[in-house]
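Note sheet for the following structure.
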Number of protein chains: 2
Amino acid sequence: MIDRKNSVKLACVDGRSACPVACSLDLLGDKWTLLVVRDLLLGKTTYSEFQKSPEGIPTNILAERLKRLQAAGILEKSRYQERPVRYAYRLTAKGRDLRSVLSAMIDWGNKYIPGTIPREQIEAMVPQLPENS
Amino acid sequence: MIDRKNSVKLACVDGRSACPVACSLDLLGDKWTLLVVRDLLLGKTTYSEFQKSPEGIPTNILAERLKRLQAAGILEKSRYQERPVRYAYRLTAKGRDLRSVLSAMIDWGNKYIPGTIPREQIEAMVPQLPENS
DNA sequence: TTAGTTGCTTGCATATTGCAAGTCACTTGA
DNA sequence: TCAAGTGACTTGCAATATGCAAGCAACTAA
């Protein structure tokens, strides 16, 4: 007996379809996940820095998102200090490559949502983003 | 008596902050909205066509999203036929400009989510997308 | 010794999703 | 003419996710 479901779509583990947009949204499609990625791209690395962002992410959601992003290989968690223990979160290459998505959102937001802070001002805050890599 | 709240941030009506990413996510940050935009970019125009997409969007959510996107000026609704009434949804310039966001997601998905259908195959389905405008 | 910081977890109310079914105005086929 | 669709939704309700407040453990600094 052949399992049709498995033979028809193996793509995008547990995704809704094999569409790269749908699969990306399965992971990133909510109000908070990409904001965490944004903060990481801006050079923030600690839990408390993410909390301090102006959007005010609830702490339970932040904790859950960090776990999910780590499980998805988008970021890595490391202790950067024992006594007292302190953790740093950093993007992997997979996470850094989301920059193009965020970049497109910045341009779209700047063009169509009045009052959003312009890309140049954002780039001025970034450690070493401007270069294309 | 001065209202500090209003004087400090007028940006991004009702948004969580003035960040273009946060403001974009206020509108687009969920699992379904960008899939509807994707379908529109692929040339789909009717309610039932959106429903037929492989992700299987629930009808109540589809109806709600279409209203929100229309209210946000991302798409326009028009009757293309009286008796029986039939509606067509089409992207505005604002909506079409989301192509760059979707495009970045396609590239990211293709690169990091195995089994997602490749951009060339998607472009082959599109009416007149390939050109840069 | 007391207060403060970091990185969380827990509880609970509210909001959003997802599924199924129903509705209304038609059209099409028998 | 009458039953069975079809397109575009709406409604009800259970399941899941979000948002807020509080709590907590392990430290540090005063």
Side-chain angles (χ1 to χ4, degrees), chain A residues 5 14-17 21-37 39-40 43-72 75-90, chain B residues 5 14-17 21-37 39-40 43-72 75-90:
Chain A
K5 264 177 190 160
D14 276 342
R16 291 171 290 179
S17 75
V21 176
C23 292
S24 300
L25 289 173
D26 281 338
L27 181 60
L28 310 168
D30 70 276
K31 279 190 158 44
W32 294 109
T33 305
L34 285 174
L35 287 183
V36 174
V37 174
D39 282 353
L40 285 158
K44 299 183 183 175
T45 57
T46 66
Y47 195 92
S48 54
E49 284 180 302
F50 303 138
Q51 272 191 86
K52 280 170 203 145
S53 285
E55 293 82 13
I57 186 169
T59 72
N60 54 345
I61 292 178
L62 175 56
E64 198 266 341
R65 292 303 190 273
L66 289 171
K67 269 174 207 160
R68 274 188 22 195
L69 289 174
Q70 192 185 357
L75 57 79
E76 286 171 337
K77 182 182 185 175
S78 60
R79 332 199 138 187
Y80 67 90
Q81 179 187 293
E82 312 282 333
R83 339 215 40 118
V85 253
R86 293 288 182 263
Y87 302 99
Y89 298 90
R90 275 176 230 287
Chain B
K5 264 175 191 160
D14 276 342
R16 292 171 289 178
S17 75
V21 176
C23 292
S24 300
L25 290 172
D26 281 336
L27 181 60
L28 310 167
D30 70 276
K31 279 189 159 45
W32 295 109
T33 304
L34 285 175
L35 287 184
V36 174
V37 174
D39 282 354
L40 285 158
K44 299 183 185 174
T45 56
T46 65
Y47 196 92
S48 54
E49 282 179 303
F50 303 139
Q51 271 192 87
K52 279 169 204 146
S53 285
E55 293 83 11
I57 185 170
T59 71
N60 53 347
I61 292 178
L62 175 55
E64 198 267 339
R65 291 303 190 275
L66 289 171
K67 269 175 207 158
R68 275 192 16 199
L69 289 174
Q70 192 185 357
L75 57 78
E76 286 170 338
K77 182 182 185 175
S78 59
R79 333 197 137 188
Y80 67 90
Q81 179 186 295
E82 311 284 334
R83 338 215 42 120
V85 255
R86 292 291 181 263
Y87 301 98
Y89 298 91
R90 275 175 230 288

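Worth knowing before you read on, the calculation uses all heavy atoms, side chains too, and leaves out hydrogens, waters and symmetry mates. In what follows, every chain begins at residue 1, and chains take the letters A, B, ... in the order their sequences are listed.
- Where DNA chain C meets chain B (any atom under 4.0 Å from a heavy atom), the bounding nucleotides read 5' to 3' are C:dT17 to C:dT27.
- Counting non-hydrogen atoms under 4.0 angstrom, A:Arg65 reaches the backbone sugars and phosphates but no base.
- A:Arg79 is linked by a salt bridge (Lys or Arg N to Asp or Glu O under 4.0 Å) to A:Glu82, counting only residues two or more places apart in sequence or in another chain.
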Starting at the 5' end of nucleotides 5-13 of chain D, put B wherever the base has a protein heavy atom under 4.0 Å, S where only the sugar-phosphate does, and a dash everywhere else.
--SSBBBB-
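- Between A:Leu69 and A:Val36, the shortest heavy-atom distance links the atoms CD1-CG1, 4.0 Å.
- A:Asp30 has its CG atom 10 Å from the C1' atom of D:dT18, to the nearest Å.
- Residues A:Asp26 and A:Arg68 share a closest heavy-atom pair of O-NH2, 4.3 Å.
- With sequence neighbours excluded, the residues satisfying side-chain contact (heavy atoms from CB on, under 4.5 Å) with A:Arg86 are A:Tyr80, A:Gln81, A:Pro84.
- The shortest heavy-atom contact between B:Phe50 and B:Ile57 is O-CG2, 4.0 Å.
- Residues satisfying the side-chain contact (heavy atoms from CB on, under 4.5 Å) criterion with B:Lys77, sequence neighbours excluded, are B:Gln70, B:Tyr87, B:Tyr89.
- Along DNA chain D, the nucleotide nearest A:Arg83 and the nucleotide nearest A:Ile61 are compared for position; the residue whose nucleotide lies closer to the 5' end is A:Ile61.
- A sub-4.0 Å separation between OP1 or OP2 of D:dG19 and a side-chain N or O of A:Trp32 is present.
- In this structure B:Lys44 satisfies the salt bridge (Lys or Arg N to Asp or Glu O under 4.0 Å) test together with B:Asp39, sequence neighbours excluded.
- The distance from atom CG of A:Leu27 to atom P of D:dA17 is 14 Å, rounded to the nearest whole Å.
- Taking each heavy atom of B:Leu35 and A:Val21 in turn, the nearest pair found is CD2-CG1, 3.9 Å.
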